[in-house]
Peer 1: 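Below is a structure I'd like to ask you about.
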Amino acid sequence: MKEIIELPILGVARRHTEVAYRVPAPVTTDTVRDLVRQKWCRRVQVSDSRGGNAEFRALCEIDGTPFVVTGEIGGQ
């Protein structure tokens, strides 16, 4: 997989581990809501926001390659 990928809705994500990417800037709750509706996104989990911004974890698949995307929720 590439070190940096461009994802629909989320924009640029950088490889965090072998099969996981991280979105560097916080995203809005609307972005996460839209992510749930994407055909390439299988499942989205959101953590609570104790002590800071909430985070999301999405299980995705594009072109037959499964991967995970994580990031912060809280952008404007």
Side-chain angles (χ1 to χ4, degrees):
M1 294 180 78
K2 300 176 184 175
E3 291 293 321
I4 297 173
I5 59 173
E6 180 77 27
L7 297 171
I9 297 177
L10 297 173
V12 174
R14 296 183 182 277
R15 193 159 70 177
H16 180 64
T17 68
E18 189 64 29
V19 293
Y21 289 84
R22 181 140 184 102
V23 179
V27 299
T28 65
T29 54
D30 288 341
T31 300
V32 175
R33 189 177 308 123
D34 290 343
L35 184 60
V36 172
R37 296 182 184 113
Q38 299 302 303
K39 291 182 180 183
W40 55 271
C41 184
R42 304 284 183 228
R43 183 185 333 171
V44 177
Q45 297 173 314
V46 176
S47 70
D48 63 10
S49 59
R50 283 184 267 167
N53 288 343
E55 292 216 349
F56 73 91
R57 180 177 190 265
L59 303 176
C60 306
E61 183 177 331
I62 294 179
D63 296 331
T65 303
F67 59 96
V68 175
V69 178
T70 60
E72 263 188 79
I73 303 170
Q76 298 296 328

Peer 1: Would you call W40 and D63 a side-chain contact if the rule is heavy atoms closer than 4.5 Å?
Peer 2: no

Peer 1: Measuring from R15:CZ to T17:OG1, what's the distance to the nearest 0.5 Å?
Peer 2: 8.5 Å

Peer 1: Which heavy atom in L35 sits nearest to a heavy atom in C41, and how many Å separate them?
Peer 2: O-CB, 3.4 Å

Peer 1: Taking only residues two or more places apart in sequence or in another chain, which ones pass salt bridge (Lys or Arg N to Asp or Glu O under 4.0 Å) with R14?
Peer 2: none

Peer 1: Any link between V44 and V23 through a network of hydrophobic side chains (Ile, Leu, Val, Met, Phe, Trp, Tyr) touching at under 4.5 Å?
Peer 2: yes

Peer 1: Is there a path of hydrophobic side-chain contacts, each under 4.5 Å between heavy atoms, that joins V27 and I62?
Peer 2: yes

Peer 1: Can you tell me how far the CG atom of D48 sits from the CD atom of E55, to the nearest 0.5 Å?
Peer 2: 10.5 Å

Peer 1: T31 versus F56: any side-chain heavy-atom pair under 4.5 Å?
Peer 2: no

Peer 1: Which pair of heavy atoms, one from I73 and one from T28, lies closest together, and at what distance?
Peer 2: CG2-C, 4.2 Å

Peer 1: Is it true that F67 and V36 fall in one hydrophobic cluster, defined by side-chain heavy atoms closer than 4.5 Å?
Peer 2: yes

Peer 1: Measure the CG-OH distance between L7 and Y21 for me, rounded to the nearest 0.5 Å.
Peer 2: 8.5 Å

Peer 1: For the residue pair T70 / R22, report whether a side-chain donor-acceptor contact shorter than 3.5 Å exists.
Peer 2: yes

Peer 1: Considering residues, nucleotides and ligands other than R42, do more than 12 of their heavy atoms fall under 6.0 Å from its CZ?
Peer 2: yes

Peer 1: Any idea which heavy atoms bring P24 and V12 closest together, and the distance?
Peer 2: CD-O, 3.3 Å

